[in-house]
Protein chains: 4
Amino acid sequence: MIDHQCCLYESMEVQFASAAMLAQRFAYGLPIARRPIGLCADGCRGAAHHAPVPRHAPVARWAQPWNSPHSSLQRRGTHRKVMTKHRSPDERATQILDAARACFMRKGYFATKMDEIARESGLSKGGIYFHFDSKRDIFRSLVEREYNRDMEFIDGVLDAENDIATILIGLGEHFVQQFAATDKPRFTAIIAEMAIRDEEIDEMVQELQESYIGRLASVLERAMDEGQVRRLHATSAATLLKAIIDGIQAGMAVGGSTPDLEKLLETSMEVLTRGLLTDEALG
Amino acid sequence: MIDHQCCLYESMEVQFASAAMLAQRFAYGLPIARRPIGLCADGCRGAAHHAPVPRHAPVARWAQPWNSPHSSLQRRGTHRKVMTKHRSPDERATQILDAARACFMRKGYFATKMDEIARESGLSKGGIYFHFDSKRDIFRSLVEREYNRDMEFIDGVLDAENDIATILIGLGEHFVQQFAATDKPRFTAIIAEMAIRDEEIDEMVQELQESYIGRLASVLERAMDEGQVRRLHATSAATLLKAIIDGIQAGMAVGGSTPDLEKLLETSMEVLTRGLLTDEALG
Amino acid sequence: MIDHQCCLYESMEVQFASAAMLAQRFAYGLPIARRPIGLCADGCRGAAHHAPVPRHAPVARWAQPWNSPHSSLQRRGTHRKVMTKHRSPDERATQILDAARACFMRKGYFATKMDEIARESGLSKGGIYFHFDSKRDIFRSLVEREYNRDMEFIDGVLDAENDIATILIGLGEHFVQQFAATDKPRFTAIIAEMAIRDEEIDEMVQELQESYIGRLASVLERAMDEGQVRRLHATSAATLLKAIIDGIQAGMAVGGSTPDLEKLLETSMEVLTRGLLTDEALG
Amino acid sequence: MIDHQCCLYESMEVQFASAAMLAQRFAYGLPIARRPIGLCADGCRGAAHHAPVPRHAPVARWAQPWNSPHSSLQRRGTHRKVMTKHRSPDERATQILDAARACFMRKGYFATKMDEIARESGLSKGGIYFHFDSKRDIFRSLVEREYNRDMEFIDGVLDAENDIATILIGLGEHFVQQFAATDKPRFTAIIAEMAIRDEEIDEMVQELQESYIGRLASVLERAMDEGQVRRLHATSAATLLKAIIDGIQAGMAVGGSTPDLEKLLETSMEVLTRGLLTDEALG
DNA sequence: AATGAATGAGCTTTCATTCAT
DNA sequence: TATGAATGAAAGCTCATTCAT
């Protein structure tokens, strides 16, 4: 079975060493920041986790069923009941959610069957239903978890008392890392898919979006007040920034298309810092 | 029901009116363009599709299954079949695709049932299957149609011998119009949803994306050579522009979230022109 | 299209040269017959007909449908109406029945679709329904035709004033030829399949069977009276003979199983002549 | 409905009673056998299958298709589901196969609907599909079962160290019993029907046939060596015997046609023993 | 007569959910 | 708590037949 699925998320947390940050600022032609930002400090070992999905041996089919030693009567599994050992509800929920995420990831919501989630989680279908009311419930819980993690991240980034350029770089670096190393873009696409149909999920996504934009806007406003950013409509500028992130993400969700993220980040930074910052801030 | 969704496409033929364009350039602090382009002249033909759905009375069950349900013997004395007028395959295909698009739009691919497409198109299920091989086939044809229309548009816009700022504004205006007036963002989200599962669609989306970026990049490169745009990695810059479009689109696909598109366009233009153009071009 | 399907039946008629017959009698250790039987004299050229089934070019599918020169809207055939030239109802019926027989032969009744019969016959579906009421009707007509031909044959063989041994050899030779050269066994199996379900067909098959047995029995009885055949229950003996024919036929309908018909005939003749004939007749 | 069809198989275990056998041999004018074999002792266990079909009240349509028809939310307050008692896969498979056999028997493969099999077996359609992959799978399993039973029978009969005449009588008695008392001929016809279309079934039937003939041939050869049977092409003679069985069977599959089996057996025995045995064996 | 688009009941199969164990 | 057999309402699709042309 799959273990450490949690790491899929843990691995999102990125450590920005100040050295790297300094180098970036230099590369983008920005004045060197004095206050380094500390992002997501936790012990996750990162991208090394995402092992290939364990493929379960398919149910054996008879090459010559009518000739096989087992008559048709023995074709299905027998009555052995190997029960999984008891665990706390929270552990079980995590276990199920992790399995479900992996499945939704691979196939999307509709193509994922409860049977698969059960198999992937190592529980029985009945077991799943003991912990969750429905498939939809599982998905919603999953989105909620994702939502909370994203919110934590944004809180951490934006509340840091950094200058705007540092924040931009931080954001950029963060997303580049996340997009490159994880399946985040794909999951986002799947969530969007569901948001069309599930009002609750739609609301969550919208709230997350507005929160994102709102906080970005307030940061930008603060920076405008400080003279770092040119006078613009803050919310629109924040929406623009968010759109860039979403857009890159969406682009990466399709096919094998992987842009040169390094170059994309560099170019975007150049364009955005020039477009957003005041001449003074640009140095 | 259907309210002339066909118009959604007609509205794509966007014509940039020179007056509006001049105003915009002025607003964004750009030098005034010499070659005007027109703005969106909606030429909807308001087609008279969607005949009333024929409702047939239910027919009795067959006692002799082996030659039912099609046996003429069983049906003697029953009511007449009310058949939709014969039409050319082309007309019918368009009609079906329009109906299907409306359904997919409302519910997404999976939640849309063939029955609904049939009802919406005013045909029977069998009629649909006479023209298309499967539900998936319908969707693919739909994407193909959308794809062709998008390609036409981009060819039209980018090949025009405009200066880069005009092109940017043209793009911006186009998308703002399209996003505001149509369901394009939602449909794009639904396509993305399917691209995860249908390789063919995935390829189409990817090709469209690459084509978009490629053409944008070549335009940008030309502009760099002319000294209008600062020296940047052209493909990355194009990817950035495309990402912005996609990102705004994605954002609008969820919930009732509609940003102030006017302001967003204005702000984006300011940021991008400043970020992309050379000081001379900014004049 | 398939032509000369009629030959499938024509080819059934077998010419027994007296020379061959003499040789056989000699081989089976029988006294030499004086009255040669003349069977089915018609100019059919026999087995050389059954050309491989013409395969119609499959409807073209796009390798890259969304990229193809023809948009999805042009995918179905256009309105050209190439009408088949008028023919007499009988000719049409024969044409349709021949096509239907070929189809039923290949796939059986249920797996044969009216579309296939239409294609095979070179008519449209509507055209078929002008001449026949239903699929079932076509099948019944087909069985009727087969029935009549079989009846003609048996009348010809049995009414000839031959001694019993000659008749037996005649029957044997006939069926061996027929089984080896045509698809008769398969068609018989398909008829049996339907007889289970269609009372009318069942009755026809039963009548044919009883007629066969009845005539055989009367021939045997005559031979008993003449002292050629041992005293036996005539109907049972006839049933036995019929069963042998049917059984061989049935065995050949499955798989690629083809017994050595020559040897089978020889052995059967030996066993049956010894088992049936009186010592005098055996000479 | 079902009337202990299971008994049909039990009746296959044939035991040739010495008394009957002696009488037969006497009737056919054969020397008396030394090793008696028993006759058909029907040990039917009369299983208590086929619980009453649970009929559920229809449930309202779903407004929100995307999580219907399985959403628990929609079903609050409805009646309880009445579920059939859990059983082991083996028991259920047998139960389903028995029901399926009865249905196929009545209507043939194509005319039998999964609904009927479900109803007949007392399970729901879903329940059937839990145990079998498809309708075809059910049929194949059924043929497999029949195949195995037939093989067992032939092994039992032929391996017995009886003289050839006893074996012939044994076979004859067996089939007469089986043909008279069961639906075997009809089922065989239905299997033949499918063999035309299903390669796997075709192979099974062919293998069964070849096996039958092969074993019969070896028995005959042994008898030839012992001087009981005249020198003949053993395989052809075996094919002849098999053809007789199949032919009688086929004849009985149609309509209400039932020959006088007693007489048929007697006559056939006379003809065959005379035709096959040496003068010494005939005594 | 002939065409072929259109019909629609019914089919097999799926799968979220339930419940006896 | 957990299991997995059982449920049953659809869903996508088929195809004999009809009928406007």
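Chain letters run A, B, ... following the sequence lines, proteins first and then strands; every chain starts at 1.
Summarising the geometry, the separation between CZ on C/F130 and C1' on F/dT21 is reported as 15 Å, rounded to the nearest angstrom. Rounded to whole Å, the distance from CG on B/L123 to P on F/dT18 is 20 Å. Per the geometry, CD belonging to D/E116 stands 17 Å off C1' belonging to E/dT13, to the nearest Å. Per the geometry, CZ belonging to C/F104 stands 12 Å off C1' belonging to F/dA16, to the nearest Å. Between the CD atom of C/Q95 and the P atom of E/dA1 there is a distance of 14 Å, given to the nearest Å. The interatomic distance linking D/F132 (CZ) with E/dT13 (C1') rounds to 16 Å, in whole Å. Between A/D137 atom CG and E/dT18 atom P the separation is 12 Å, expressed in whole Å. Put simply, CE on A/M114 is 16 Å from C1' on F/dA6, counting in whole angstrom units.
B/I138 and B/L97 make their closest contact through O-CD2, 3.6 Å (heavy atoms, listed as atom of the first residue, atom of the second, distance). Counting all heavy atoms, side chain and backbone alike, C/S141 lies closest to C/F132 at OG-CE2, 3.6 Å.
Remark: E/dT12 base-pairs with F/dA11. Criterion, Watson-Crick or G-U wobble with two distances under 3.5 Å. In this entry E/dA2 has F/dT21 as its Watson-Crick or G-U wobble partner, both defining distances falling under 3.5 Å.
Using a 30° and 60° split on the angle between ring planes, C/Y109 and C/F104 fall in the parallel class, below 30°.
Between A/H131 and F/dA2, a side-chain N or O to OP1/OP2 separation shorter than 4.0 Å is present. The phosphate of E/dA5 (OP1 or OP2) has no side-chain N or O of B/R92 nearer than 4.0 angstrom. A sub-4.0 Å separation between OP1 or OP2 of F/dG12 and a side-chain N or O of B/R136 is absent.
The CZ atom of D/R197 lies 10.0 Å from the NZ atom of C/K107; values are rounded to the nearest 0.5 Å.
Of the candidates F/dT1, E/dA1, F/dA11, the closest approach to any side-chain atom of B/K113 belongs to F/dA11. For D/S134, taking side-chain heavy atoms from C-beta onward, the closest of the listed nucleotides E/dT3, E/dT13, F/dA2 is E/dT13. Comparing F/dC13, E/dT13, F/dT1 by their nearest atom to the side chain of D/Y129 picks out E/dT13. The nucleotide whose nearest atom lies closest to any side-chain atom of B/S124 is, among E/dT7, E/dT12, F/dA6, E/dT7.
Comparing D/T112 and C/I128 against DNA chain E, the residue whose closest nucleotide sits nearer the 5' end is C/I128. Place A/G126 and D/D115 on DNA chain E by their nearest nucleotides, and D/D115 ends up nearer the 5' end. Between D/G127 and C/A111, the residue whose closest nucleotide on DNA chain F is further toward the 5' end is D/G127.
When atom types are taken as modelled, the side chain of D/S121 and the backbone of D/A99 share no donor-acceptor pair closer than 3.5 angstrom.
Side-chain to base pairing of A/K125 with F/dT3: no donor and acceptor N or O lie closer than 3.5 Å to each other.
In this structure, the side chains of A/F139 and A/I190 come closer than 4.5 Å at one or more pairs of heavy atoms.
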